[in-house]
**Q** 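Below is the structure I would like to discuss, written out as C-alpha cells.
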2 protein chains.
Amino acid sequence: MMKQMTIYDIAKLANVSVATVSRVINSTAPVKDSTRKKIEALIQQYQFQPNAMARSLLKKETGIIGIIVPDLTNPFYTEVLAGAEQEALTTGHTFLLTNSVGDYQKESQYLSIMREKRVDGMIFLGGRINLKIGDEELDQELIQHASTIPTVLVNGTVKGNALTRVATDEYTGTCMAVQHLIECGHKQIGFLGGEMHMSTTSTKLRAFKKTMREAGLEVREEWILTDSFSIYSGRKQMEKLLQLADKPTAVMCVNDFVAIGAIKTAVDHELTIPDDMSIIGFDDIPLSHHFIPEITTVSQEANELGRTAIQVLQKLMNQEKVKKHTVIEPKLIVRKSSARLN
Amino acid sequence: MMKQMTIYDIAKLANVSVATVSRVINSTAPVKDSTRKKIEALIQQYQFQPNAMARSLLKKETGIIGIIVPDLTNPFYTEVLAGAEQEALTTGHTFLLTNSVGDYQKESQYLSIMREKRVDGMIFLGGRINLKIGDEELDQELIQHASTIPTVLVNGTVKGNALTRVATDEYTGTCMAVQHLIECGHKQIGFLGGEMHMSTTSTKLRAFKKTMREAGLEVREEWILTDSFSIYSGRKQMEKLLQLADKPTAVMCVNDFVAIGAIKTAVDHELTIPDDMSIIGFDDIPLSHHFIPEITTVSQEANELGRTAIQVLQKLMNQEKVKKHTVIEPKLIVRKSSARLN
DNA sequence: CTGAAAGCGCTAACAC
DNA sequence: GTGTTAGCGCTTTCAG
C-alpha cells in the first residue's frame with residue numbers, strides 16, 4: 001500500500017507552510033492566486049486527502065452518524081435506512097452501521113463503539129427499545145449514553161420516555177385496518193402477532209381489541225396468536241388457526257412478513273385469498289405491493305420515518321429545540337388481500 | 001450534552017500519569033494492582049471511553065471497513081451485507097456504509113470520504129464495476145484508490161482485472177438454469193434481462209445463448225428483452241412478451257425481481273405458472289422462497305459471498321497473499337415456478 | 001512499576 | 001498573504 005501524504009508533504013513540495021495548505025483546502029482565508037494554484041495542482045497530482053481523524057480530533061466532529069438496526073435483511077428497516085441516508089446526505093453525514101440482530105448484548109457493544117468513535121449522533125431502532133416492559137438496566141445504559149451523544153429512537157422508547165423519539169402511530173394504524181375489516185362486513189376477526197413481549201405486538205393487540213369492542217364484536221382469545229415477526233411465524237400461526245373448527249373470516253397481522261406467511265399457508269390449504277379469508281398486514285414493505293394477491297396493509301411510511309429521524313437528529317446535533325416525540329401518521333393501503341365478506 | 005472525559009482527567013483523579021492510565025486501558029504493561037484497581041474504578045464510574053480518533057491517528061488503524069452498495073433496498077445486497085457484518089465482527093471491524101444508488105458520481109464522492117476517514121479497507125459492490133464496457137476514468141480512479149486502501153470488488157471488476165475480487169460464477173449459474181429448462185422439455189425459451197450495458201445482463205445472456213445452441217435450440221431474438229433489474233421492469237417485459245403471437249414456453253430472468261414481475265404479469269393475464277409457462281430467476285432472495293408460486297432460481301449464496309469478501313479483505317489488510325479472483329459456485333434451486341413442458 | 005515528553009496530522013489563533 | 005506554534009487525546013519510547 002502506498003503511504004498517504006500529509007499536509008506537511010504538500011507544504012514542503014510547494015515551499016509554503018502547512019497553514020497555507022490548510023487555507024486552500026478549507027478556503028478559510030485568502031491565499032495568493034499563484035500559490036493557491038500551485039498547491040491545488042500538488043493536491044490533485046498526489047491525490048492528497050486530508051486525514052479526517054486529525055481534523056475530527058480538533059473539531060470534535062466526525063461527520064458520522066451511528067445507526068443500530070435489529071435486522072438488515074428486513075425490508076422495513078432498509079427502507080428506513082434509505083430514507084435516512086438520503087436526508088443525511090444533505091449535511092454530508094455518513095453512516096456507521098451496525099446490525100444488532102435484536103441481541104441486547106450486541107447493542108451494548110455497539111453503543112460502546114459509537115462512543116469510542118465519537119459519532120456526532122445516533123439512531124437506534126428495534127431491540128431493547130421495543131420491549132413491552134423495558135429492562136431497567138438496558139434503559140439506563142441507553143439514557144446515559146444519550147447524555148453524551150445526541151440520540152433519537154425510532155419506533156420505540158425507554159422508561160419514562162426520557163429520550164427523543166420519532167415513531168409511527170401503530171395504535172391508530174391498527175385501528176384503521178381493523179375498522180376496514182369491520183366495514184367489509186367481517187365480524188369474526190383474528191389477530192396474528194409477533195413476540196408478545198415486544199411493544200409492537202402489544203400495542204397493536206390493544207388497538208385491535210379496542211376497535212372490536214367498540215364495534216360490539218366479540219374478541220375470541222383462540223383467534224389471537226402470537227409467535228415472532230417472521231414469514232415462517234406467519235405460516236405456523238395460520239396453520240394453527242386453520243385447525244380450529246370455528247375459524248375467523250379475517251385476520252389482522254402484526255406485520256407484512258406474518259401476513260405473507262399466513263397467506264401462503266392459507267393458499268397451501270386450498271383457500272382463496274381474499275374470497276375465503278381477508279388478511280391484512282402492516283408496514284407496506286415493497287413486496288406487499290408485488291405479492292399475489294397484493295396485500296392490504298398499513299403503511300408506516302418507512303422512508304419518511306427515516307428522513308424525519310435524521311431531521312430531528314440534525315436539530316438535536318445543532319442544539320436546537322426539538323419535540324420529544326414526533327409521530328408519523330400511518331396510512332391504510334387497501335389492496336387485494338381483503339374484501340367484503342360474502 | 002455532557003463533555004466526554006479524557007485520559008488526562010482520569011489520570012488527574014487517580015494521581016497518576018496518563019501513561020499509566022493508558023497502560024491499564026490497553027494492558028500493555030504491568031501496573032501495580034492497587035493503582036490498577038483505582039483507575040479501573042474511575043473509568044467505570046465516569047464511563048470513560050478512550051477517543052478512537054486520537055488512537056487511530058497514532059496507530060493508523062480505524063477499525064472501520066468502508067462499504068459501497070448500489071441499493072440498500074435490494075435483498076440480495078442486504079444479504080451480502082449481513083454475511084459480511086457477521087464476518088467482520090470476528091475482527092471487531094465496523095462498517096461505514098454508503099448507498100450509491102448506482103450513481104457513479106456518488107461513488108466517487110464516497111470513495112473520497114472513505115479515504116479521508118482512513119478506513120482500513122473497503123468493499124465495493126455494483127455500479128461502475130458492473131459495466132459491460134468499463135469506463136476508463138472511473139476504473140482508473142478506483143485502481144488508484146485501491147493502491148492506498150485494501151479493496152475488494154464483489155461481483156464485478158475493472159479494466160484488466162487489476163483488483164482483487166470475489167464473485168459468483170454467473171455464467172455457469174445461468175447455464176445450469178437454462179439446462180434445467182431444457183431438461184424439462186422446453187424448446188422455446190426466452191430471456192428477460194436487466195440493463196444491457198451491465199455485465200450481469202450480458203454475461204447471463206451469453207451463457208443463455210451458448211446453452212441453447214449447444215442443445216441445438218433456436219435463439220429467438222424477439223424473445224430476448226432487456227430493460228432494468230426491477231420488479232416493474234419484469235412486468236413490462238412480460239407484458240411485451242405476451243403480446244407476441246408466438247410465445248416461449250419458458251423464460252430465464254436476469255434476477256428474482258424481474259422473475260417476480262414477470263410472474264405477476266403473467267398471472268394477471270390469466271396464465272398459470274408453471275403450467276402455462278416456466279419462469280426462473282437468479283439470486284435466491286428470501287422472497288423467492290415465499291412467493292406464490294415459489295420461484296425456481298439460482299442461488300448466489302449471498303451470505304457466503306459477503307463473508308468471503310471480508311475474509312479476503314482481512315487477508316489483504318494483513319498483507320497476506322490472496323488470490324486475485326475468488327469464485328463462489330452458484331446453486332440451482334428448483335422450486336415451483338418451473339415444470340416439465342406438457 | 002511509573003512519569004516525561006515526543007509526535008500522529010490537522011486547524012486556528014497570533015504574529016508579521 | 002503567509003508563517004509559527006499550540007494544542008486535540010492518545011500511545012510509546014526512554015529514563016528513572
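A note on names: the letters A, B, ... follow the listed sequences, proteins ahead of strands, and every chain is numbered from 1. Just so we're clear, the structure is a prediction, and the values are computed from it rather than from any experiment. These numbers come from the heavy atoms of this one structure, side chains and all, not from hydrogens, waters or symmetry mates.
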**Q** I'd like to know if the side chain of B/N318 and the backbone of B/E320 have a donor-acceptor N/O pair within less than 3.5 Å.
**A** no
**Q** How long is the line joining CG of A/D9 and C1' of C/dC10, in whole Å?
**A** 13 Å
**Q** Both A/F48 and B/K32 contact DNA chain C. Taking the nearest nucleotide for each, which residue is further toward the 5' end?
**A** B/K32
**Q** A/K60 has an atom NZ; how far is it from atom P of C/dC10, in whole Å?
**A** 17 Å
**Q** Measuring to OP1 and OP2 of C/dT11, would you say a side-chain N or O of A/N26 lies under 4.0 angstrom away?
**A** yes
**Q** Students often get this wrong, so: under 4.0 angstrom with heavy atoms, is B/S22 touching a base, only sugar-phosphate, or nothing?
**A** base
**Q** Exactly one of B/E301, B/E304, B/Q300 should register a side-chain hydrogen bond (donor to acceptor under 3.5 Å, both in side chains) with B/T168. Which one does?
**A** B/Q300
**Q** When we call it a touch if two heavy atoms are under 4.0 Å apart, what does B/T35 touch: a base, just sugar-phosphate, or nothing?
**A** sugar-phosphate
**Q** State which of D/dT4, D/dC10, D/dC8 makes the closest approach to the side chain of A/A19.
**A** D/dT4
**Q** Separation of B/E61 atom CD from D/dC10 atom C1', in whole Å?
**A** 14 Å
**Q** For A/L58 and B/A54, find the nucleotide of DNA chain C closest to each by heavy atoms; which residue's nucleotide sits nearer the 5' end?
**A** B/A54
**Q** Check the distance between C/dC10's P and A/I7's CD1 and give it to me in whole angstrom.
**A** 5 Å
**Q** For the pair made of CZ in B/R23 and C1' in C/dA4, what is the distance, rounded to whole Å?
**A** 11 Å
**Q** At their closest point, which heavy atom of B/S100 faces which heavy atom of B/E107, and how far apart are they?
**A** CB-CG, 3.6 Å
**Q** Within the modelled atom types, does a donor on one side and an acceptor on the other bring the side chain of A/R36 and the base of D/dG1 under 3.5 Å apart?
**A** no
**Q** Over how many whole Å does the gap from B/R55 atom CZ to D/dC8 atom C1' extend?
**A** 16 Å
**Q** Mind calculating the distance between CD1 (B/I25) and P (D/dT12) to the nearest angstrom?
**A** 12 Å
**Q** Ignoring hydrogens and angles, state whether a donor on the side chain of B/R55 or B/N51 is under 3.5 Å from an acceptor on the partner side chain.
**A** no
**Q** Minimum heavy-atom separation for B/T28 and B/S22, please, with both atom names.
**A** CG2-O, 4.3 Å
**Q** Can you figure out which of C/dC1, C/dT2, C/dA12 approaches the side chain of A/K59 most closely?
**A** C/dA12
**Q** Whole Å only: how far is the NZ atom of B/K117 from the C1' atom of C/dG9?
**A** 15 Å
**Q** Nearest nucleotide by nearest heavy atom, which residue falls closer to the 5' end of DNA chain D, A/Y8 or A/D33?
**A** A/D33
**Q** With a 4.0 Å cutoff (strictly under), does any side-chain N or O of B/T6 reach OP1 or OP2 of D/dG9?
**A** no
**Q** Choosing from C/dG3, D/dC10, C/dG9, which nucleotide comes nearest the side chain of B/L57?
**A** C/dG9
**Q** Tell me whether the side-chain N/O atoms of B/S56 come closer than 4.0 Å to OP1 or OP2 in D/dC10.
**A** no
